[in-house]
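Below you'll find the structure, written out as structure tokens, and then a few comments.
Atoms within each ligand, like the ligands themselves, are counted from 1 in listed order.
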Amino acid sequence: MTTAEILTARLEEVRDRTLGLVAPLDDEWVGRTPDPIMSPPAWDLAHIAAYEELWLVMRLSGQQPMHPDLQATYDAFETPRAVRGEIRILDGLEAREYMDAVRQRALEVMRDADMSPDGPELTAGGFVWDMVAQHEAQHDETLLQTLQLMPPGTYSPCVGALPPGDEGLGGPDPVHIAGGSIVMGAPGGCGALDCERPAHATTVAPFRLDRNPVTIGRHLEFIRDGGYHDARLWSAEGWAWRQSEGVEAPLHWQPDGAGGWTRTWFGCSEDVDPAEILCHISFHEAEAHARWAGGRLPTEHEWEFAARRDPTSPDDAWAPWGHGPHDGRANLGQVSFRPSRAGAYPDGLAPSGCAHMMGDVWEWTSTEFDAYPGFRAFPYREYAEPFFRDGYRVLRGGSWATQSVAARATFRNWDLPQRRQVFAGMRVAWDAA
Ligand SMILES: [Fe+2]
């Protein structure tokens, strides 16, 4: 296949996913948001098209936008989420027509593009098409967060099966990690986004890390032990948030009236499964749980070291299991609609011995989102730079809702410490001593 054919297939694969995700949703809810922290799905759809039009049509060919009057509406900074549910936006049908029309123009422009590795930086090796595919995949994950917040009865996803967990492999059983030097981040020319670059050497001190992410069962122990009511476990900011929000359990959980918990999951009520990997907790809850366990959250340096450092290989791979595809090795790709049970992917272990480092849930780290040394915003400032040093915490590893185009061990996600709609969980770290 040519580079252009590979990129076209990648763009179309992500587009099929986007349209498949919103297909079960009725027209009314395509245009409404269940929560002002999220956008109406129709806004995401037209924003996906506007971004593609900007980068794959206007920037590459000099053509004018199809809807000049809507440019500000679909600019994420000029129209923040809080107002997207209140302004006039394209409806679901109009948004899909806009997506189709832009895609046709983008593929025409692609025919004349210079993708040679030593060509212009924006198009070298197909970078900008990869960036646009990743952008759409990231919005699909955001769409899933919105769909998870929809009222019961509005959304019934088509769900794929997961491998069973293995109790013998699913325990916490901390791994000792000797530490040492690592080249953090990604080199240029490989589809990585600006905040993952530049690759830079750093060292990590010895530490211990949970072999598996924290399960629902372990978090139930934290709850039963009074973790949500013990101020000593929480930061001052976290405790103030917990009290003002009245948080007693992860998002979407409800008491079952008999001392246990159920949860609402894409509109259905179900018992919580103790073996499943914990999801929908804030950074504050993760921090309190880690302190309760006698440890702390890992830094993102420690996380990346545990996920991809391979002392037996000259180049640390992009995935914990090496360079191959994730099939059978991680719960990625928006197929399962839930995290797996701990121990479900024995073929996906990192060289460190840690499991589930990719997929299932994003993992909160203790690191505040900031630039790597030598950072250069590219190709636009607004992707990451405005969020540096502004209280956002780094999340790593992707979730079940992350597609393979955006799944790699160098990828950096970030969110505010109180956010819980993200498909996020945690694992505990301890100093080696
Ligand atoms: Fe966006």
Plane angle bin for His301 and His200 - parallel if under 30°, tilted between 30 and 60°, otherwise perpendicular: perpendicular
Plane angle bin for Trp414 and Tyr383 - parallel if under 30°, tilted between 30 and 60°, otherwise perpendicular: perpendicular
Show every side-chain hydrogen bond (donor to acceptor under 3.5 Å, both in side chains) that has at least one partner inside residues 148-163, sequence neighbours left out. Gln148-His280
Test item: side-chain donor near acceptor, Trp234 and Glu287, under 3.5 Å: no
Quick test of your reading of the model: are Asp316 and Arg309 salt-bridged, counting only N-O distances below 4.0 Å? yes
Strictly under 2.8 Å of the Fe ion (ligand 1): which protein N/O/S atoms qualify? His47 NE2, His135 NE2, His139 NE2
Quiz item: cation-pi between Arg338 and Phe266, 6.0 Å / 45°: no
